[in-house]
Amino acid sequence: KRSSIGLWAYIWGGSPVPQEKAVETVAGLGFDGIEVAAYEPYFCNNTSRNRRILRKLYDDNGLERSGLAAPFPSVITTCNGEYLDCIKSNLDICTDVGIPKLRVNSAESPERLPEGVDYKTAFTNAAKNWNSAAEECAKAGVSLVWEFEPGFLFNKPSEVITMVKHVDHPNFSLLFDICHGSMCAEKAARQMGEKEILPGGILEFIELCRGHIGHVHVSDSDGTLHDGETSTHAPFGAGQLDFDAIMPAFEEAGYEDDWWVIDLCFCPDALTATAENKKFLDGLISEYGR
């Protein structure tokens, strides 16, 4: 496995760290790559010039790219054509910056449906948009991965599995964030209606996702929500997860990609925390990622 870290950690949580400083720090710690954050202030205008600047910054620091996280509209209420326009805009970034994966989410509240939309329609609209998006990404040679989480609609384990099967496209898979997986399977965090907790917890959830995991984010979990919204991405050792059981479970579930990506989203001082988290990830790679 190769090590990466999401650059959004240096935007949210504390005062934004200049991207150049964040990238130089990550490179100096020996990361193999970064996960690009197409959010302000790191990325303000999607122009060819700005995309070239990004690529040069990462290349000059010897960092490959594991994926792209970018803002998306609602997958439920946005018409198919408009959703594809957003996909194409982000594919321009992937193509010009050299990024192999594009991450999406539902961008809808997990606890209520949009006004005038029933559950079946919401689910069908999402699957239709993501199927079309996966096809568009395939044309560009980019994988489409969906990150489920407590903060967005469709966060029950059964919904996650049903959705990926309903989208039914070989270029669509799951971004399994370990912190989110734990909160969804073990805490039923922010689930709409009847709560769904898996007896086997996150390990059962990973097994249910067998053959459908296309990307992995790694962080600890202390079992809480950040500001009541989404999973608290705790630094390694500050949570309660058993990585000695979790990391081998991904291989057993058929995860074949070579990236493990640290996610320190909303960490108050992510830049300082990066070094210790990199050491922990290196240990996981040495033990389970060879």
Side-chain angles (χ1 to χ4, degrees), residues 72 74-77 103-115 117-131 144-169 172-234 239-243 245-250 252-255 263 265-266:
F72 274 90
S74 167
V75 74
I76 294 167
T77 60
R103 168 259 193 196
V104 292
N105 58 33
S106 71
E108 281 287 354
S109 167
E111 294 169 323
R112 64 182 182 275
L113 293 169
E115 186 175 354
V117 179
D118 60 40
Y119 183 85
K120 182 178 179 180
T121 300
F123 201 90
T124 300
N125 287 353
K128 179 181 178 182
N129 273 336
W130 280 335
N131 179 278
L144 185 67
V145 293
W146 166 40
E147 183 175 17
F148 58 87
E149 59 176 280
F152 293 111
L153 189 62
F154 309 129
N155 56 23
K156 297 180 182 181
S158 63
E159 289 178 315
V160 172
I161 301 306
T162 303
M163 178 63 76
V164 73
K165 291 180 178 179
H166 200 63
V167 173
D168 190 27
H169 196 288
F172 181 82
S173 60
L174 301 174
L175 191 171
F176 199 112
D177 180 299
I178 292 174
C179 180
H180 293 324
S182 173
M183 292 298 292
C184 291
E186 300 170 358
K187 303 295 183 180
R190 301 195 71 193
Q191 292 180 2
M192 185 169 56
E194 185 177 352
K195 303 302 181 183
E196 182 178 302
I197 293 177
L198 298 180
I202 187 174
L203 297 181
E204 182 178 346
F205 197 3
I206 293 171
E207 175 58 27
L208 286 173
C209 295
R210 174 181 290 272
H212 297 295
I213 300 173
H215 204 47
V216 171
H217 282 179
V218 190
S219 66
D220 213 334
S221 173
D222 61 6
T224 69
L225 294 174
H226 174 77
D227 288 346
E229 293 290 332
T230 195
S231 312
T232 300
H233 287 78
Q240 56 199 25
L241 298 183
D242 181 2
F243 290 95
I246 291 170
M247 303 318 293
F250 282 109
E252 293 168 8
Y255 177 59
D263 189 342
C265 190
F266 300 123

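Sequence positions, counted from 1, serve as the residue numbers for this chain.
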Restricting to non-hydrogen atoms, name the atom on M163 and the atom on W130 that form the minimum distance, rounded to 0.1 Å. CG-CZ3, 3.9 Å
Compute the ring centroids of F123 and F154, then answer whether they are less than 6.0 Å apart. yes
I need the E108 CD to M192 CE distance, nearest 0.5 Å. 10.0 Å
No-hydrogen, no-angle side-chain donor-acceptor test under 3.5 Å, H180 and N155: no
Can you check whether E111's main-chain N or O pairs, donor with acceptor, with S109's side chain at less than 3.5 Å? yes
Has K156 got a side-chain atom pairing as donor or acceptor with E194's backbone, closer than 3.5 angstrom? yes
Please round to the nearest 0.5 Å and tell me the distance separating atom CD1 of I161 and atom CG of L174. 6.0 Å
Identify the two heavy atoms, one from N131 and one from D168, that lie closest to each other, and give their separation to 0.1 Å. ND2-O, 3.8 Å
Cationic N near anionic O, under 4.0 Å, R190 to E149: no
Verify, without hydrogens or angle tests, whether Q191 (side chain) and E196 (backbone) share a donor-acceptor contact under 3.5 angstrom. yes
So, taking the atom named CG in D227 and the one named OG1 in T232, what distance separates them when rounded to the nearest 0.5 Å? 8.0 Å
Quick check against the 3.5 Å criterion: does S221 have a side-chain atom that pairs as donor or acceptor with the backbone of G239? no
Is H233 reaching over with its side chain to a backbone N or O of S231, donor-acceptor style, under 3.5 angstrom? yes
Got a second to check how far L175's CG is from N105's CG, nearest 0.5 Å? 10.0 Å
Rounded at 0.5 Å granularity, tell me how far CG in L241 sits from SG in C179. 7.0 Å
Closest non-hydrogen atoms of A188 and I197, given as atom of the first, atom of the second and distance, are CB-CG1, 3.7 Å
D222 side chain to T224 backbone, donor-acceptor under 3.5 Å: yes
Hey, would you say the F205 and F148 ring centroids sit under 6.0 Å apart? yes
Dump the intermediate steps for side chain to side chain contact (heavy atoms under 4.5 Å, CB included) on I178 and M247, then the final yes or no. CA-CA 9 Å; I178 292 174; M247 303 318 293; 3.8 Å; yes
Heavy-atom nearest pair, A249 first then I206, reads O-CG2, 3.6 Å
Is there a donor-acceptor pair under 3.5 Å between the side chain of R210 and the backbone N or O of E252? yes
With side chain to side chain contact (heavy atoms under 4.5 Å, CB included) as the test, would you mind laying out the steps for L208 and L198 before giving the verdict? CA-CA 10 Å; L208 286 173; L198 298 180; 3.8 Å; yes
Nearest heavy-atom approach of S219 to D177 is OG-OD1, 4.2 Å
Between atom CG of L203 and atom OG of S182, what is the distance when rounded to the nearest 0.5 Å? 10.0 Å
Run F152 and T230 through side chain to side chain contact (heavy atoms under 4.5 Å, CB included) and show every step you take. CA-CA 8 Å; F152 293 111; T230 195; over 6 Å; no
Checking the side chain of T124 only, and the main-chain atoms of K120 only, is there a donor and an acceptor separated by less than 3.5 Å? yes
Grab the two heavy atoms, one from V145 and one from H215, that are nearest each other, plus how far apart they are. CG1-CB, 4.2 Å
For the ring pair F176 and Y255, is the centre-to-centre distance below 6.0 Å? no
Do L225 and P150 touch side chain to side chain, with heavy atoms closer than 4.5 Å? yes
N/O donor-acceptor pair under 3.5 Å between N125 side chain and V75 backbone: no
Determine yes or no for a side-chain-to-main-chain donor-acceptor pair under 3.5 angstrom, with S106 supplying the side chain and L153 the backbone. yes
